[in-house]
Participant: 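The structure that follows is given in the form of structure tokens.
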Amino acid sequence: MTPAAAPAPARRLQHAVYGDPEVLELAEVPLPDPGPGQVRVRIHAAGANALDSKKRRGLFAPGQEVPAEPQTLGLEMAGVIDALGPGVTQWRTGQAVLGLTARHDAAATHALADAGNIVAKPDCLTFEQAAALPVATETAYRTLRRLGVVAGQTLLVHAAAGGVGLMAVQLARALGATVIGTAGEANHPFLRDLGATPVTYGDGLAERIRAAAPQGIDAVLDASGRGVLPLSVELTGSPDKVLTIADLDAARHGVRFSREMLPLPQVMDDVLPMVEDGRLQMPLEAVFPLEKAADAYHRLDEGHLRGKIVLTARTPLDPEARPRA
């Protein structure tokens with residue numbers, strides 16, 4: 001009897017040193033086997049996030065020159081289940097899903113996910129659109145809840161045109177809040193279309209915000225991490241009314257840093273219907289193949305995005321990054 005062929009290896013992005021995006025390499029690794037309560041996903045697309053860049057630069061390992069083992073990237077993905085672990089009964093192979101990987105390794109051809117931290121991909125979304133949703137949607141949903149944003153309040157969102165910012169703007173507007181958003185001028189028309197009042201970064205920002213919101217600012221979400229916390233506390237009058245997901249100096253200013261995630265199905269139960277009927281949207285800044293990950297993360301690190309950058313692992317891979325969609 002001819003022995004069964006060994007399964008093809010997976011490929012994943014990783015880095016063995018800290019540094020700029022050029023440290024990333026696409027490596028072949030054994031195909032992962034799902035454990036109890038897990039599924040394996042053949043990944044079609046993965047979202048790129050600022051957390052990836054912070055980890056790649058070693059910001060979470062101060063004083064450590066190199067990681068003890070190669071580090072992986074990516075938390076959110078969309079793809080098709082191709083293997084089930086023991087005890088998984090709510091999913092079947094061949095189902096298209098979106099969600100979070102069990103480890104920080106979504107920038108790959110295959111990864112494992114906890115069966116309770118994925119949801120079915122709506123047919124109306126491409127895999128790239130679906131992969132852009134989990135982190136930004138959960139983060140915006142969670143932070144608005146923790147800020148206690150309600151109808152009639154005025155919310156200031158820093159980096160309003162990024163992935164989290166855009167989702168926060170739309171969810172806050174759906175709640176009935178007034179939204180002021182900092183963004184580059186090129187993104188102002190888009191933010192206005194979403195119902196926000198945009199203001200430009202730079203000198204004189206405080207005056208521009210006060211002019212845009214003479215009624216005052218009730219809460220601030222900082223998705224930029226670019227030194228705006230002192231101004232945000234000044235505008236609201238209290239660090240309790242400010243929350244950041246991006247500034248590691250939060251504690252020095254008495255501001256909460258929010259990172260503990262809610263269960264994704266809980267969030268998507270509320271949010272996906274609004275995505276499916278068009279009330280919420282997540283534009284794609286650009287889509288890059290895994291082979292061009294360094295270009296993707298350079299674009300991400302430059303900032304001033306409109307929406308999300310996504311990596312695609314589908315084959316045949318695009319020879320070039322696709323333009324903003």
Side-chain angles (χ1 to χ4, degrees), residues 41 43-51 74-79 81 90-91 95-101 106 113-151 153 155 157-179 181 190-191 193-196 219 221-223 243 245-246 258-285 305-310 325:
V41 179
I43 294 177
H44 287 211
N49 290 285
L51 177 63
L75 185 60
E76 60 185 340
M77 57 77 196
I81 294 173
Q90 68 270 50
W91 298 106
Q95 281 187 283
V97 297
L98 64 93
L100 305 174
T101 51
D114 294 329
N117 219 14
I118 56 176
V119 298
K121 182 186 79 68
D123 292 339
C124 64
L125 298 177
T126 67
F127 284 101
E128 289 83 1
Q129 290 169 328
L133 287 176
V135 169
T137 300
E138 186 281 331
T139 304
Y141 183 96
R142 162 175 36 101
T143 52
L144 293 190
R145 284 182 55 174
R146 291 180 180 168
L147 282 167
V149 176
V150 296
Q153 290 187 330
L155 171 71
V157 179
H158 292 293
V164 173
L166 282 176
M167 194 57 71
V169 165
Q170 295 174 84
L171 288 174
R173 291 292 297 142
L175 288 170
T178 297
V179 182
F190 184 71
L191 288 172
D193 288 344
L194 296 180
L221 170 57
D222 169 35
L243 189 148
I245 60 165
S258 181
R259 61 163 58 93
E260 188 161 341
M261 303 182 79
L262 297 171
L264 190 68
Q266 172 188 329
V267 175
M268 289 301 182
D269 279 349
D270 285 347
V271 176
L272 273 184
M274 291 191 282
V275 173
E276 293 179 274
D277 67 17
R279 284 178 289 165
L280 296 180
Q281 58 176 296
M282 176 58 74
L284 302 182
E285 171 75 18
L305 308 177
R306 183 187 301 174
K308 294 280 295 200
I309 288 177
V310 169

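By convention here, the first residue in the shown sequence is residue 1.
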Participant: Within this structure, what is the CG-CG distance for the pair L264 and N117, rounded to the nearest 0.5 Å?
Facilitator: 5.5 Å
Participant: Could you walk me through whether L100 and V135 pass side chain to side chain contact (heavy atoms under 4.5 Å, CB included), step by step?
Facilitator: CA-CA 8 Å; L100 305 174; V135 169; 4.1 Å; yes
Participant: Can you tell if the side chain of M167 reaches within under 4.5 Å of the side chain of T139, non-hydrogen atoms only?
Facilitator: no
Participant: Is there a side-chain contact between F190 and L166, using heavy atoms and a 4.5 Å cut-off?
Facilitator: yes
Participant: Looking at CD of Q281 and CD of Q129, how far apart are the two atoms once the value is rounded to the nearest 0.5 Å?
Facilitator: 10.0 Å
Participant: Please report the interatomic distance OG1(T126) to NZ(K121), rounded to the nearest 0.5 Å.
Facilitator: 7.0 Å
Participant: Hey, is the main chain of R306 close enough, under 3.5 Å, to the side chain of E285 for a donor-acceptor pair?
Facilitator: yes
Participant: Just checking D123: does its CG atom have more than 12 heavy atoms from other residues, nucleotides or ligands closer to it than 6.0 angstrom?
Facilitator: no
Participant: Mind listing the closest non-hydrogen atom pair of A45 and A131 along with its distance?
Facilitator: O-CB, 3.4 Å
Participant: Could you tell me which non-hydrogen atom of V149 sits nearest to which non-hydrogen atom of A219, and how far apart they are?
Facilitator: CG2-CB, 4.4 Å
Participant: Under the criterion side chain to side chain contact (heavy atoms under 4.5 Å, CB included), I'd like the reasoning laid out for L144 against L155: C-alpha separation, chi angles, the key distance, then a yes or no.
Facilitator: CA-CA 9 Å; L144 293 190; L155 171 71; 3.6 Å; yes
Participant: List the atom of A113, the atom of I118, and the distance in Å for their closest heavy-atom pair.
Facilitator: CB-CG2, 3.8 Å
Participant: Can you name the salt bridge (Lys or Arg N to Asp or Glu O under 4.0 Å) partners of R145, sequence neighbours left out?
Facilitator: none
Participant: Go through it in stages, so that I can follow the logic: the residues are V150 and L175, the test is side chain to side chain contact (heavy atoms under 4.5 Å, CB included), and I'd like the CA-CA distance, side-chain angles, deciding distance and then a yes or no.
Facilitator: CA-CA 6 Å; V150 296; L175 288 170; over 6 Å; no
Participant: When rounded to the nearest 0.5 angstrom, what is the spacing between CG in L171 and CE in M274?
Facilitator: 5.5 Å
Participant: Is the backbone N or O of A120 less than 3.5 Å from a side-chain atom of Q95, with the two atoms forming a donor-acceptor pair by type?
Facilitator: no
Participant: Could you state the interatomic distance from CE (M261) to CZ (R142), rounded to the nearest 0.5 Å?
Facilitator: 6.0 Å
Participant: State, to 0.1 Å, how close I81 and W91 come at their nearest heavy-atom pair, and which atoms those are.
Facilitator: CD1-CB, 3.7 Å
Participant: Return the minimal non-hydrogen interatomic distance between G148 and Q153, and the atom names on each side.
Facilitator: O-OE1, 3.4 Å
Participant: As a quick check of understanding, evaluate side chain to side chain contact (heavy atoms under 4.5 Å, CB included) for K308 and N49, giving each step before the final call.
Facilitator: CA-CA 8 Å; K308 294 280 295 200; N49 290 285; 2.6 Å; yes
Participant: Between the main-chain N or O of A140 and the side-chain N or O of T143, is there a donor-acceptor pair closer than 3.5 Å?
Facilitator: yes
Participant: Do you know which two heavy atoms are closest between R173 and T178, and how far apart they sit?
Facilitator: NH1-CA, 4.3 Å
Participant: Under the ring-ring contact (aromatic ring centres under 6.0 Å, His included) rule, what pairs show up with a residue in residues 261-284, not counting sequence neighbours?
Facilitator: none
Participant: Nearest 0.5 Å, please: how far is CG in L51 from CZ in R259?
Facilitator: 9.0 Å
Participant: Could you check whether any side-chain heavy atom of V275 comes within less than 4.5 Å of a side-chain heavy atom of P122, counting everything from C-beta outward?
Facilitator: no
